[in-house]
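Take a look at the structure below.
Chain letters run A, B, ... following the sequence lines, proteins first, then strands; residues in each count from 1.
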Protein chains: 2
Amino acid sequence: MKVAAAQIRPFFAEPQKNRQLLSRYCKKAGQQEIDLLVFPELCVSGYNFTSKKQAEVLAEPIPGGPTTQLWMRLAEQYNMVIIGGLAESKQSSGIYNSAAIVGPNGFIGCYRKIHLFAREKEWFLPGQHPPSVWKLPSVSLGVLVCFDWAFPEVSRILMLEGCEILCLPANLVLPYAQRVMIARSLENRFFTVLANRIGSEGKLTFTGRSQITNTQGDILIKGAKNRTGLFSAVINPAKAQNKFLTNTNHIIQDRRVDLYQRLLHE
Amino acid sequence: MKVAAAQIRPFFAEPQKNRQLLSRYCKKAGQQEIDLLVFPELCVSGYNFTSKKQAEVLAEPIPGGPTTQLWMRLAEQYNMVIIGGLAESKQSSGIYNSAAIVGPNGFIGCYRKIHLFAREKEWFLPGQHPPSVWKLPSVSLGVLVCFDWAFPEVSRILMLEGCEILCLPANLVLPYAQRVMIARSLENRFFTVLANRIGSEGKLTFTGRSQITNTQGDILIKGAKNRTGLFSAVINPAKAQNKFLTNTNHIIQDRRVDLYQRLLHE
């Protein structure tokens with residue numbers, strides 16, 4: 001299976017231009033026979049909103065909005081799974097920092113970012129559901145968004161639910177997530193695909209270095225700090241099903257849930 | 001505050017010789033004005049037992065046994081906290097893979113390893129209590145032992161209980177824990193002191209590279225792969241009390257315990 005992170009530089013508040021950009025990357029990925037393509041967080045709206053109103057105007061429904069519909073067409077055309085971050089509008093008030101997951105057979109699901117970073121708390125509602133694993137015929141996928149990296153709990157939940165590849169659309173400004181993805185892969189024995197963006201918006205500079213990591217925490221490929229590109233690796237996701245670290249150490253069976261209650265107290 | 005990992009090469013099944021070795025390291029640490037000294041796992045018995053009987057013979061009570069008593073004298077003499085791994089015997093049947101914590105004013109506590117690695121399951125009983133934080137006047141300490149590194153849950157519990165420095169006596173044969181300690185430090189914003197041993201016992205080779213990591217996941221000092229030594233760093237443990245990653249992101253307050261219930265199911 002060939003997986004890729006699309007490290008792009010979106011245009012702020014120019015959704016049509018960005019959808020053209022996404023289409024070009026999907027075409028390129030199709031030519032490279034990519035099976036799973038991950039775009040960064042908020043890759044159609046841009047990130048650094050100046051008001052809640054602005055964020056709301058740039059949000060779109062999932063799956064009914066233009067980007068998810070476009071991805072569904074491209075996913076079918078190129079026979080790939082596409083995951084990417086979008087500002088998601090609902091009929092009721094409030095928008096989410098979400099990721100859409102689509103495949104060759106249509107819409108698969110939507111994840112709403114649980115742990116909002118910095119001013120995102122002003123624009124977005126936090127997700128109200130634990131992360132899900134989408135069990136496709138070829139692979140079981142989990143999705144988190146950006147700052148969720150800092151909370152080992154949500155990656156762990158995905159592992160317990162059978163995730164083979166954790167996909168992380170991101171707009172990172174800190175240099176931490178890449179190092180933590182090594183541990184997330186190691187401790188959960190799944191693959192991780194971190195798709196970050198580059199470029200600047202106002203005072204924020206995004207730090208690139210998209211990264212694909214295997215179940216032993218080895219970095220398979222890493223993007224540059226300030227160059228766009230499609231960074232891919234060939235992996236066997238079934239390897240993530242082997243939770244034996246030694247003959248007698250199974251990372252799920254060895255958990256001591258009887259001693260972990262403290263995790264659920266504030 | 002000056003903290004150190006003592007990267008030693010214990011003699012298998014020679015407790016008296018090992019206690020002499022520990023005493024020399026404590027003296028050296030005293031001369032260097034170390035405040036907190038961490039020894040590896042099972043640093044008096046050695047690791048690679050050939051039978052349960054052998055492990056039991058090499059075990060000793062905590063705090064009544066000779067090593068903890070020795071450490072209490074040395075901790076007073078050199079005015080330091082000493083943490084190190086011991087095979088712990090109890091009056092009732094069964095032994096634990098434990099760590100003793102002692103300070104200038106005497107015995108502080110004992111941690112019993114929860115997650116046993118490989119053949120340790122044949123020799124030891126697993127710990128039956130969650131890890132504790134020992135709140136000393138100068139610092140709040142948490143202790144785990146070796147393979148506990150693989151379970152983010154126990155580090156997280158220590159963070160929630162106020163741990164400023166996670167001390168990890170270890171006998172590592174795999175190359176993973178050092179990379180994961182970077183994430184443990186980052187995600188919990190505490191310091192980590194990983195004290196590993198070197199040398200071989202039978203088919204097992206221990207991998208050194210003891211490591212002290214700060215709250216940003218930066219490695220302050222790293223030991224060699226195959227050389228003994230005292231590896232120290234000066235740190236301000238109070239920095240671990242600052243759980244704000246940004247002005248509006250507090251890593252405890254931002255946790256979503258309402259969405260983490262899955263962590264407590266098998």
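Listed here is the closest heavy atom pair of A:Pro126 and B:Arg256: CB-NH1, 3.5 Å.
For the set A:Ser155, A:Ala150, A:Pro131, the count of heavy-atom pairs under 4.5 angstrom toward chain B peaks at A:Ala150. Options B:Gln253, B:Met159, B:Arg184 differ in how many heavy-atom pairs under 4.5 Å they form with chain A, and the most are formed by B:Arg184. Contact tally against chain A (heavy-atom pairs below 4.5 Å) for B:Pro152, B:Ala183, B:Pro175: the top residue is B:Pro152. Ranked by heavy-atom pairs under 4.5 Å with chain A, the list B:Arg156, B:Arg119, B:His115 is led by B:Arg156. Chain A forms more heavy-atom pairs under 4.5 Å with one residue of B:Ile251, B:Leu116, B:Ile252, B:Leu186 than with any other, namely B:Leu186. When A:Asp258, A:Leu245, A:Val154 are compared by the number of non-hydrogen pairs under 4.5 Å with chain B, A:Leu245 comes out ahead.
Interface remark: A:Asn247 contributes no atoms to any contact with chain B (heavy atom separation under 4.5 Å). With a 4.5 angstrom heavy-atom cutoff, A:Leu263 touches chain B via backbone and side-chain atoms both. Using a 4.5 Å cut-off between heavy atoms, A:Asp218 touches chain B through backbone and side chain atoms alike. Of the atoms belonging to B:Ile114, heavy atoms from both backbone and side chain fall under 4.5 Å from chain A. If you measure heavy-atom distances from A:Leu174 to chain B, the contacts under 4.5 Å come from the side chain alone. Contacts between A:Ile182 and chain B at a heavy-atom distance below 4.5 Å involve the side chain alone, from C-beta outward.
With a 4.5 Å cut-off on side-chain heavy atoms, B:Phe151 and A:Glu187 do not count as touching. Here the side chains of B:Val257 and A:His265 are not in contact, with every heavy-atom distance at 4.5 Å or above. Residues A:Arg255 and B:Leu264 are not in side-chain contact: their nearest non-hydrogen atoms beyond the backbone lie 4.5 Å or more apart.
The line from OG1 of A:Thr246 to CZ of B:Phe147 is 6.5 Å long, rounded to the nearest 0.5 Å.
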Candidate pair B:Lys121 and A:Asp254, rule side-chain contact (heavy atoms from CB on, under 4.5 Å), full reasoning: CA-CA 11 Å; B:Lys121 293 183 180 187; A:Asp254 278 2; 2.8 Å; yes

task: Decide yes or no on salt bridge (Lys or Arg N to Asp or Glu O under 4.0 Å) for B:Glu153 and A:Arg262, but give the supporting numbers first.
output: CA-CA 9 Å; B:Glu153 293 86 350; A:Arg262 178 66 179 85; over 6 Å; no

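No more than 12 heavy atoms of other residues, nucleotides or ligands sit less than 6.0 Å from atom NZ of B:Lys52.
Taking 4.5 Å as the heavy-atom cut-off, the residues of residues 210-217 of chain A that approach chain B are A:Gln216, A:Gly217, ordered by number.
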